[in-house]
Amino acid sequence: MSLIEIKVPVPPAMAEALNDVLLEAELTCWNIVEDVLVGEAWIVGIFTGDAAAQAAWMDLRGRWPGLEDCRPVSRNLSDSDWRDSYKAHFKAWQFGRLHWVPIWEKDGFALPSGDEVLWLDPGLAFGTGNHETTRLCVERLVAWAEKHGTQGRVIDAGCGSGILALSALKLGFTRVEGFDNDEEAVHVSLENAAMNGLANRAVFRVGDLVSGLQGRQAELLMANILADVLIKFAPDLTGAVAPGGQLVLSGILAAELPKVRECFTTIAPRWECDSKTMGDWSDLVLNRRD
């Protein structure tokens, strides 16, 4: 597999606004890199092949007119270049009794008694959970398990790499499923389940927010998706929460939280509502009270 890095010098004054564009559009293949000492900034992305790299660059340039005069520099990455680049940015982290640890640290990792660990190898598709939107969901998941136990059903809507569903299994939930409208995401989720010894316990399938939730209700339903998508499918999401259950919504920029809250509290006015903010992102949690 040929890996291509595109590195584009951008004016430092543009970096913050461009980063907001990347976050809002969830263009996770790109990152902003700044050197404040020399006053320079770049946007950097890694792609599988020239065609994907050029398509991503044309898409990004179309979203941000200020990039029209910027000149990208591309280079082929060796396996060691890629391995070292993502290892440098992925560190073990913990919340409650659950740890998320790079698989290459497995031999030297000492798991505290009573805790659980989810081994992660990001590769090109596997998220690390380091993003604020995922962490917000994970914190709600751990808090629910501590308060209500692990008897209820958990659904990870838009599962991506399967991190939330697999974390639920590690916490002791037995009725866990995830779905995504991307077949590759489901494939990656199943691979990650196997890496953690959860192949026989994890249920992942292809589906969208209509087909994936139809006929199902969960005590804990998590959806880490874009705000506009959450709003569009608000009736489907609220309808899939069991009595006494909780709906955890993430992927919401803090500036978008008021419109998401207004939408869901209009549909479910008697439900208890809460939110937290982490960096530029917020979650919205609704507890069904009939």
Side-chain angles (χ1 to χ4, degrees), residues 24 26 95-96 98 129 131-160 162-165 167-169 171-181 203 205 207-290:
E24 186 168 5
E26 289 199 339
F95 185 78
L98 189 55
H131 196 276
E132 292 93 332
T133 58
T134 309
R135 290 199 176 207
L136 286 165
C137 286
V138 163
E139 291 188 7
R140 299 292 188 174
L141 169 64
V142 173
W144 176 272
E146 291 177 348
K147 183 176 181 179
H148 301 281
T150 58
Q151 300 305 308
R153 171 182 284 180
V154 177
I155 296 179
D156 180 6
C159 60
I163 265 191
L164 297 178
S167 295
L169 289 170
L171 287 172
F173 289 92
T174 57
R175 295 189 294 158
V176 178
E177 57 186 283
F179 65 85
D180 201 290
N181 60 6
V203 178
R205 52 196 168 80
D208 56 29
L209 289 177
V210 176
S211 63
L213 295 174
Q214 189 172 16
R216 291 176 169 83
Q217 284 193 326
E219 279 68 32
L220 182 61
L221 171 58
M222 297 177 288
N224 183 10
I225 312 175
L226 288 173
D228 289 346
V229 177
L230 296 175
I231 290 172
K232 181 179 179 180
F233 294 96
D236 302 278
L237 288 162
T238 53
V241 179
Q246 184 175 92
L247 173 61
V248 178
L249 307 173
S250 191
I252 306 167
L253 283 167
E256 299 174 320
L257 179 61
K259 69 176 182 180
V260 179
R261 183 193 296 268
E262 180 181 7
C263 170
F264 280 85
T265 55
T266 299
I267 292 175
R270 298 179 60 187
W271 293 23
E272 296 176 359
C273 185
D274 182 33
S275 66
K276 291 194 297 187
T277 297
M278 187 180 294
D280 293 324
W281 299 91
S282 294
D283 68 6
L284 181 66
V285 174
L286 298 106
N287 293 287
R288 179 174 174 179
R289 298 290 182 260
D290 295 328

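The model shown is predicted, which means the values in this text are computed figures rather than measured ones. Quick note: residue numbers are just sequence positions, from 1.
- Residues Phe173 and Leu141 are in side-chain contact: their nearest non-hydrogen atoms beyond the backbone lie under 4.5 Å apart.
- A distance of 7.0 Å separates CD of Glu256 from CH2 of Trp281, quoted to the nearest 0.5 Å.
- Distance CG/Leu237 to NZ/Lys232: 12.5 Å, rounded to 0.5 Å.
- The CE atom of Met222 sits 12.5 Å away from the CG atom of Leu136 when rounded to the nearest 0.5 Å.
- Between Asp208 and Ser211, some side-chain heavy-atom pair lies under the 4.5 Å cut-off.
- Residues Arg288 and Val241 come closest through the heavy atom pair NH1-O, 2.6 Å.
- Phe179 places a side-chain heavy atom less than 4.5 Å from the side chain of Leu209.
- Among all heavy-atom pairs drawn from Ile225 and Ala157, the shortest one is CD1-O, 3.8 Å.
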**Q.** Derivation of the side chain to side chain contact (heavy atoms under 4.5 Å, CB included) call for Asp280 and Glu132
**A.** CA-CA 8 Å; Asp280 293 324; Glu132 292 93 332; over 6 Å; no
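- Taking 4.5 Å as the limit, some side-chain heavy atom of Lys276 sits within range of a side-chain heavy atom of Glu139.
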Q. Could you go step by step and tell me if Met278 and Arg135 meet the side chain to side chain contact (heavy atoms under 4.5 Å, CB included) rule?
A. CA-CA 9 Å; Met278 187 180 294; Arg135 290 199 176 207; 3.9 Å; yes
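- For the pair Leu230 and Phe264, the tightest heavy-atom approach, listed with the atom from each and the gap, is O-CZ, 3.4 Å.
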Q.
side chain to side chain contact (heavy atoms under 4.5 Å, CB included) for Leu257 and Leu284? Distances and angles first, verdict last.
A. CA-CA 8 Å; Leu257 179 61; Leu284 181 66; 4.2 Å; yes
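- Here the side chains of Asp156 and Val176 are not in contact, with every heavy-atom distance at 4.5 Å or above.
- Atom CZ of Arg289 sits in a crowded spot, with more than 12 heavy atoms from other residues, nucleotides or ligands closer than 6.0 Å.
- Looking at every heavy atom in both residues, Gly158 comes nearest to Asp180 through C-OD2, 3.4 Å.
- At least one side-chain heavy atom of Val248 sits under 4.5 Å from a side-chain heavy atom of Leu220.
- Of all heavy-atom pairs spanning Arg140 and Asp283, the tightest one is NE-OD2, 2.8 Å.
- Here the CG-CZ distance, from Leu221 to Arg153, works out to 11.0 Å after rounding to the nearest 0.5 Å.
- The two residues Ser250 and Cys137 make their nearest non-hydrogen contact at CB-SG, 3.4 Å.
- Here the CZ atom belonging to Arg261 is positioned 11.5 Å from the OG1 atom belonging to Thr266, to the nearest 0.5 angstrom.
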Q) How far apart are the C-alpha atoms of Phe233 and Leu213, what are their side-chain angles, what is the distance that settles it, and do they pass the side chain to side chain contact (heavy atoms under 4.5 Å, CB included) test? A) CA-CA 11 Å; Phe233 294 96; Leu213 295 174; over 6 Å; no
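- If you take CD1 on Ile252 and CG on Asn224, they are separated by 9.0 Å, rounding to the nearest 0.5 Å.
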